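These numbers were taken from a predicted model, which means no experiment stands behind them.
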Amino acid sequence: QVDLVESGGGSVQIGGSLRLSCKVSAYNFKNLCIAWFRTPPGKEREEVARIQTGDGTTNIADPVKDRFTISQDNTENTVLLQMAYLKPDDTGTYSCAAAVGACRFAGRWYKFGRSDYWGQGTQVTVSA
């Protein structure tokens, strides 16, 4: 069983920064693939970043590659999403998800789905 609780969302001006936290309750924190997703208003959910907790390997989606970073705090079992130079297009509900095992296997990225663990989400609003 894996429980995820997001925090750190809020309202921020264009160009501002936010740091989101995903608190992970799991017996096997070092054997997880953790990803951050966002759901913009009226649009489909999209992945923005993921991290392999065992070795810290990360992958950041191209649209946010130069502005977002993902990291982990092993003392707190937390995965962080640092967002900078925020734009209105970054507005949405941000959720973290966890899958047991590898983020990438045999050259293919793991695809998160309903059978994985999901948090409730935290709202990020970027405005002028």
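Under the 4.5 Å side-chain heavy-atom criterion for Ile, Leu, Val, Met, Phe, Trp and Tyr, Phe37 and Val126 are members of distinct hydrophobic clusters.
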Run the side-chain donor-acceptor check on residues 13-29: report pairs under 3.5 Å with partners two or more places apart or on a different chain.
{"residue": "Lys23", "atom": "NZ", "partner": "Glu76", "partner atom": "O", "Å": "2.5"}

Enumerate, atom names and distances included, each donor-acceptor pair closer than 3.5 Å involving a side-chain atom of residues 1-12, sequence neighbours excluded.
{"residue": "Gln1", "atom": "NE2", "partner": "Asp3", "partner atom": "OD1", "Å": "3.2"}
{"residue": "Glu6", "atom": "OE1", "partner": "Gln120", "partner atom": "N", "Å": "3.0"}
{"residue": "Glu6", "atom": "OE1", "partner": "Gly121", "partner atom": "N", "Å": "2.9"}
{"residue": "Glu6", "atom": "OE2", "partner": "Cys96", "partner atom": "N", "Å": "2.9"}
{"residue": "Glu6", "atom": "OE2", "partner": "Gly121", "partner atom": "N", "Å": "3.2"}

Could you list the donor-acceptor pairs under 3.5 angstrom formed by side chains in residues 104-112, with sequence neighbours left out?
{"residue": "Arg104", "atom": "NH2", "partner": "Gly107", "partner atom": "O", "Å": "3.1"}
{"residue": "Tyr110", "atom": "OH", "partner": "Asp116", "partner atom": "OD1", "Å": "2.7"}
{"residue": "Tyr110", "atom": "OH", "partner": "Asp116", "partner atom": "OD2", "Å": "3.0"}

Could you walk me through whether Thr53 and Gln72 pass side-chain hydrogen bond (donor to acceptor under 3.5 Å, both in side chains), step by step?
CA-CA 7 Å; Thr53 58; Gln72 66 188 82; 5.2 Å; no
Could you go through Val124 and Met83, starting from their C-alpha distance and side-chain angles, then the distance that decides it, and tell me whether this counts as side-chain contact (heavy atoms from CB on, under 4.5 Å)?
CA-CA 10 Å; Val124 172; Met83 307 185 293; 4.0 Å; yes
Given Thr69 and Ile60, is the side-chain contact (heavy atoms from CB on, under 4.5 Å) satisfied, shown in steps?
CA-CA 7 Å; Thr69 57; Ile60 311 294; 5.5 Å; no
Assess whether side-chain contact (heavy atoms from CB on, under 4.5 Å) is satisfied between Leu80 and Ile70, documenting all intermediate values.
CA-CA 6 Å; Leu80 305 170; Ile70 186 170; over 6 Å; no
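For the pair Cys103 and Arg50, the tightest heavy-atom approach, listed with the atom from each and the gap, is O-NH1, 3.0 Å.
Listed by chain and residue number, Asp55 satisfy the side chain to side chain donor-acceptor pair (under 3.5 Å) test with Thr57 (two or more places apart in sequence, or in another chain). Residues that satisfy the side-chain contact (heavy atoms from CB on, under 4.5 Å) test with Val48, not counting sequence neighbours, are Trp36, Arg38, Val64, Phe68, Leu81.
Sorted by first and then second residue, the side-chain hydrogen bond (donor to acceptor under 3.5 Å, both in side chains) pairs with a member in residues 58-68 read Arg67-Asp90; sequence neighbours excluded.
Judged by distance alone, with hydrogens and angles left aside, the side-chain atoms of Trp118 form no donor-acceptor pair with the main-chain N or O of Ala98 at under 3.5 Å.
Judged purely by distance below 3.5 Å, without hydrogens or angles, the side chains of Gln123 and Thr93 pair a donor atom with an acceptor atom.
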